[in-house]
Amino acid sequence: AKGEAFHLNAGLRFDYHPFQIAFAWRQNVTYNLIGTAHILSALAETKERAKVPLQVAGNYHLTMAYFLTKTLRLRGEYEFMEWSIMDEQEISNATTKAQLMVLDRQFNNTQAYRLRLDWTYSPAVSFHTGLSYEEAATPIEYHEAGLAENDQVEVGVGATWALSSSLSLH
């Protein structure tokens, strides 16, 4: 499927050593995707050129960081995601606009909490580790295969390598 949409992002960061505070906002957006829908029934499979709205949550993201040493930074993050934009998806024929299917979603807004530790090994290399918890967006009565159904706890490690002043690998 292909589609496009326009949305806004904005953010700001305040540095007052040894503290950093950052806030970012991303607008809700709905992508109107057009592609081939494969419709399965007990008797046959049919294909239709279909239009599907894909709602993507906007969010508010707050980060507070503290430099424990010159090379070690501790970050706490909070994120609020507006998944309630995903109430239903009406899949329709892209040409005739006839309704093919309605998927009732009724997602909930969610919150996520993260704790990160960043170690700067050199000006070009940093290592990261973290722990995060994110609430599920899908109410239990709407669980289905393929959706993020449950609350999530994640542990991660990573690295950043600055190839130049404007290009880095993460």
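Residue Leu115 is grouped with residue Phe127 when hydrophobic side chains (ILVMFWY) are merged at heavy-atom distances under 4.5 angstrom, including chains of intermediate members. Linking Ile, Leu, Val, Met, Phe, Trp and Tyr residues whenever their side-chain heavy atoms come within less than 4.5 Å places Met86 and Val56 in a single cluster. Put simply, Leu167 and Val125 are part of the same group of oily side chains (I, L, V, M, F, W, Y) that touch within less than 4.5 Å, one to the next.
Residues Arg105 and Thr138 have side chains not in contact (no heavy-atom distance under 4.5 Å, counting atoms from C-beta outward). The closest side-chain heavy-atom distance from Arg114 to Glu79 is below 4.5 Å. When side chains are defined from C-beta on, Ser132 does not count as touching Gln152, because their heavy atoms never get closer than 4.5 Å. Taking 4.5 Å as the limit, every side-chain heavy atom of Glu141 sits out of range of all side-chain heavy atoms of Gln106. The closest side-chain heavy-atom distance from Gln89 to Gln55 is below 4.5 Å.
In this structure, OG1 on Thr63 lies 10.5 Å from CD1 on Ile21, to the nearest 0.5 angstrom. Here CG of Leu33 is found 5.5 Å from CG of Leu54. Values are rounded to the nearest 0.5 Å. To the nearest 0.5 Å, atom OG of residue Ser84 and atom CG of residue Asn28 are 7.5 Å apart. Within the model, atoms OH of Tyr66 and NE2 of His17 stand 8.0 Å from one another, a figure rounded to the nearest 0.5 Å. Taken to the nearest 0.5 Å, the CZ atom of Phe19 stands 14.0 Å off from the CZ atom of Arg73.
Judged as a side-chain contact (heavy atoms from CB on, under 4.5 Å), and not counting sequence neighbours, the contacts of Arg26 are His7, Asn9, Asn59. Residues that satisfy the side-chain hydrogen bond (donor to acceptor under 3.5 Å, both in side chains) test with Arg13, not counting sequence neighbours, are Asp15.
Grouping Ile, Leu, Val, Met, Phe, Trp and Tyr by side-chain contacts under 4.5 Å, direct or through others, leaves Val157 on its own. Under a 4.5 Å side-chain heavy-atom cut-off, the cluster of Ile, Leu, Val, Met, Phe, Trp and Tyr residues that includes Val52 is completed by Ile39, Ile91, Leu100, Met101, Leu103. Tyr113 forms part of a hydrophobic cluster together with Phe6, Leu8, Phe23, Trp25, Tyr60, Tyr78, Phe80, Leu131, Tyr133, Val153, Val155, judged by ILVMFWY side-chain heavy-atom separations under 4.5 Å.
Across every non-hydrogen atom of Asp104 and Asp87, the tightest pair is OD1-O, 3.5 Å. For the residue pair Ala94 and Ile34, the shortest heavy atom distance occurs at CB-CG2, 4.2 Å. Nearest heavy-atom pair, Thr30 versus Pro53, reported as atom, atom and distance to 0.1 Å: CG2-CB, 3.9 Å. The minimum heavy-atom distance linking Ala162 with Ser168 is given by the pair CA-CB, 3.8 Å. Taking all atoms of both residues into account, the shortest heavy-atom contact from Asn108 to Pro139 is ND2-CG, 3.7 Å. Shown here for Thr69 and Leu72, the closest heavy-atom pair between the two residues is OG1-N, 3.1 Å.
Panel note: side chain Asn109, backbone Trp83; a donor-acceptor pair is recorded below 3.5 Å. Judged by distance alone, the side chain of Glu135 and the main-chain N or O of Gln111 form a donor-acceptor pair under 3.5 Å.
In Leu40, the CG atom is crowded: over 12 heavy atoms of neighbouring residues, nucleotides or ligands sit closer than 6.0 Å.
Using a 3.5 Å distance cut-off with no hydrogens or angles, the side chains of Thr36 and His38 do not pair a donor with an acceptor.
Screening residues 119-128 for side chain to side chain donor-acceptor pair (under 3.5 Å) gives Asp118-His128, His128-Thr160 as the qualifying pairs, with residues at least two apart or on separate chains.
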